[in-house]
Visitor: 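What follows is a single structure, and I will ask about it in a moment.
We use all heavy atoms of the structure for the numbers below, so side chains are in, but hydrogens, waters and symmetry mates are not. Just so we're on the same page: letters track the sequence lines, and every chain starts at 1.
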Protein chains: 2
Amino acid sequence: MSDRVYNFSAGPATLPESVLKQAQKDIWDLFDTGIGILEHSHRDAAFDRVTHETEADCRAVGNIPDDYAVTWVQGGATSQCYFVPANFLPEDRTADYFQTGKWANDSIKEVPLYGKVHICGSSKDTGYDHIPVGDEVKYSDNPVYVQFTSNNTIMGTEFQTEPTPPEGAFLVADMSSNMFSKPIDVTKYGLIYAGAQKNLGPSGIVLVIARKDLIAEPVRELPMMMQYRNHANKEGRFNTPNTFGVYLMGQVFKWILERGGLEAVREMNVEKAKIVYDFLDSQDFFKPHARKDSRSMMNITFKCPTPELDALFVEQAEKKGLTTLKGHRSIGGMRASIYNAFPKAGCEALVAFMKEFAHEHAGAVNA
Amino acid sequence: MSDRVYNFSAGPATLPESVLKQAQKDIWDLFDTGIGILEHSHRDAAFDRVTHETEADCRAVGNIPDDYAVTWVQGGATSQCYFVPANFLPEDRTADYFQTGKWANDSIKEVPLYGKVHICGSSKDTGYDHIPVGDEVKYSDNPVYVQFTSNNTIMGTEFQTEPTPPEGAFLVADMSSNMFSKPIDVTKYGLIYAGAQKNLGPSGIVLVIARKDLIAEPVRELPMMMQYRNHANKEGRFNTPNTFGVYLMGQVFKWILERGGLEAVREMNVEKAKIVYDFLDSQDFFKPHARKDSRSMMNITFKCPTPELDALFVEQAEKKGLTTLKGHRSIGGMRASIYNAFPKAGCEALVAFMKEFAHEHAGAVNA
């Protein structure tokens, strides 16, 4: 680690060091072909192998059955905000959305271009500090699908279990920031999408897992590139994909499998998050943003007693090799993103610095 | 070069070796930040620098004035097939398209979803063997824009000069396969787009150069991610871009500038292409596909006397380290793609092998 720092970035984010080292080699020469991964045609034998291994390893990691397509598209999760209603929502029908932060709002905004939208649960009034559950959830009458953001990177909240959509509706999830951080039952979903740049790889590629029957035909005429089926039917190579992204996601899937799969990954993540949350719960100096019942295992949000101390905290942390801790401008404070590849030692170093900082500034605040 | 081969891939394609070596370093640690290029937040100071340098170097390479936006999007050039009419073409207006091959046809196909399309010139009847000029070109009455594919990768044809659109219409060009292979006067264009994976960088990123007044407002309500202005107004960071793609394009721009800019690059490319075309013109064994007046400087297409010999040629070339020479399935034969970063020595090696192969098999054909 000597020359590398603890990178708490919310995404693009820390990648496994073994994956970076493999990428360094493969950029020069992949599979002894004499051609680097960036330079291989997306139709050649080497990239056939990359494509097939990435899909197979993804299926192995996520235990994804054959009636689900595994594919990838470009444009970021933000482009999925319009792909989803465009493909699935007829003009006269309604889709239900959970409103739990920025990404949910971005999705909600695009729906009226295609059909009707209903907010089935919202934590807007309390600053998106929790995930709506129980009585807070009211579905519309006969929605086509129910969409939720499984983890809210900015707010530091996470659905502890997926919502249960009403009979006849399927579930759509933006899992960009907690994909493959724990075991997942994909059979509960109609469509899952995840921008890769948090847990899965580099930016510029979105993993899509979709029930094949749902994507067999879009509900309206659409450009070729907007139809999920085109990407799914062509192994993610309907046009030239982000080939390096496909390759790197594949390397990360192999890394997950080597670690023992998603159950083992969850254990690592629980342990890491517990180090920070246990400390937050043991003191009064830092205030966590997310409600305890809605805490994210991936993004931990908290504040100092004043914005000035927040700024000082971020600045001093940076000098100690604890980088990119500044919270999103919409809520301020700090955010520690600790995705799969983020090391436990980084969580321990963060808590050690938090203790030190709180000790030093507690007096100033009480005064 | 010892461990690397001559890679004639049409894209993704050969990149400059100095750029690959820099990328190997920067994947581990960019600008001594202790964080690799794949792991930097698209909002942090290091990536600010990458973004600003990539844009500035692109402007320097292409001599791009301030009234043009320089930005990048995802989804491949294939997504531009619908972005263009969606942003620019009102339902009751017409856009004119040159039909010169697969990419032109893909673009033409999407237009009726948004407005009317007119084919202003076509070489379909002669197997797309040339670029329509002079009397072959008939514009519609008052088109909004005229679109053409400046280089046809599959066919090996290239516009020798850009078409002149009728008064009131602006020019749109898909320059994916010859962008920055020679000097360009961007002021003749309304919008230029180019998938990066041939001359500019890796796949998964599209360079967009657009007249700012034209993209100020789309002609219809569109999803956020489909509006050029959103990408242009946010330095290509409206959402998380393909950060590695932005970085690598920037490295390629620096490589072009180090070589003396586009005039020097053109000289290199003219010299390389001349080696192969001069040989083709000196013999009768191999038949070129493209008409002499429409030849591409980037993709050289030719055939042996029989498909069996084509297959043998590709197979034997591969063994000599001349790889990915197989032509596109739609026209067969061979295709030698010799983009900016492809070395002159590779062109010489190709011609040496072509001579040898022709000598060996000439008898079999004449018999």
Visitor: Could you tell me which portion of His40(B) (side chain, backbone, both or neither) has an atom closer than 4.5 angstrom to a non-hydrogen atom of chain A?
Guide: backbone

Visitor: Against chain B, label Asp32(A) side chain, backbone, both or neither, depending on which of its atoms sit under 4.5 Å from a heavy atom there.
Guide: neither

Visitor: Which bit of Ile37(A) comes within less than 4.5 Å of chain B, counting heavy atoms only: side chain, backbone, both or neither?
Guide: neither

Visitor: Keeping the roles fixed (side chain from Ser203(A), backbone from Thr240(B)), state whether a donor-acceptor pair exists under 3.5 Å.
Guide: no

Visitor: Tell me, side chain or backbone of Phe47(B) under 4.5 Å from chain A's heavy atoms, or both, or neither?
Guide: neither

Visitor: Looking at CG of Leu113(B) and CE of Met226(A), how far apart are the two atoms once the value is rounded to the nearest 0.5 Å?
Guide: 9.5 Å

Visitor: Would you give the length of the straight line joining atom CZ of Arg43(A) to atom OG1 of Thr324(B), rounded to the nearest 0.5 angstrom?
Guide: 14.0 Å

Visitor: For Thr78(B) versus Met225(A), what's the shortest heavy-atom pair and its separation?
Guide: CG2-CG, 3.6 Å

Visitor: State, to 0.1 Å, how close Gly75(A) and Asn239(B) come at their nearest heavy-atom pair, and which atoms those are.
Guide: O-ND2, 3.2 Å

Visitor: Under 3.5 Å, side chain of Asn242(B) to main-chain N/O of Asn242(A), donor-acceptor pair present?
Guide: no

Visitor: Of the backbone (N, CA, C, O) and the side chain (C-beta and beyond), which part of Glu221(B) lies under 4.5 Å from a heavy atom of chain A, both, or neither?
Guide: both

Visitor: Apply side-chain contact (heavy atoms from CB on, under 4.5 Å) to Phe244(A) and Leu38(B), showing your working.
Guide: CA-CA 11 Å; Phe244(A) 185 67; Leu38(B) 300 168; 3.6 Å; yes

Visitor: I would like to know whether Tyr82(A) and Met224(B) meet side-chain contact (heavy atoms from CB on, under 4.5 Å); could you show each step before the answer?
Guide: CA-CA 9 Å; Tyr82(A) 75 94; Met224(B) 299 178 292; over 6 Å; no

Visitor: Just by distance, do the side chain of Arg4(A) and the backbone of Trp28(B) share a donor-acceptor pair under 3.5 Å?
Guide: yes

Visitor: Which atoms of Leu20(B) come close to chain A, meaning under 4.5 Å heavy atom to heavy atom: side chain ones, backbone ones, both, or neither?
Guide: both

Visitor: Need one label for Lys109(B): side chain, backbone, both or neither, based on atoms under 4.5 Å from any heavy atom in chain A.
Guide: side chain

Visitor: What option among Lys25(B), Lys21(B), Glu110(B) has the most heavy-atom pairs under 4.5 Å with chain A?
Guide: Glu110(B)

Visitor: To the nearest 0.5 Å, what is the distance between CD1 on Ile27(B) and CG on Asp26(A)?
Guide: 9.5 Å

Visitor: Answer yes or no: is there a donor N or O on one side and an acceptor on the other, between the side chain of Glu39(A) and the main chain of Thr14(B), under 3.5 Å?
Guide: no

Visitor: Indicate yes or no: at least one non-hydrogen side-chain atom of Tyr114(B) is less than 4.5 angstrom from one of Pro223(A).
Guide: yes

Visitor: Counting C-beta onward and ignoring hydrogens, is there a side-chain heavy-atom pair between Ser79(B) and Gln74(A) closer than 4.5 Å?
Guide: no

Visitor: Below 4.5 Å from any heavy atom of chain A, which atoms of Asp44(B) appear? Answer side chain, backbone, both or neither.
Guide: neither

Visitor: As an exercise, state the distance from NE2 of His42(B) to OG of Ser9(A), rounded to the nearest 0.5 Å.
Guide: 8.5 Å

Visitor: Measure distances from Phe83(A) to the heavy atoms of chain B and classify the residue's part below 4.5 Å as side chain, backbone, both or neither.
Guide: side chain

Visitor: Please report the interatomic distance OG(Ser41(B)) to NZ(Lys326(A)), rounded to the nearest 0.5 Å.
Guide: 11.0 Å

Visitor: Using non-hydrogen atoms only, which part of Thr33(B) is less than 4.5 Å away from chain A: side chain, backbone, both, or neither?
Guide: backbone

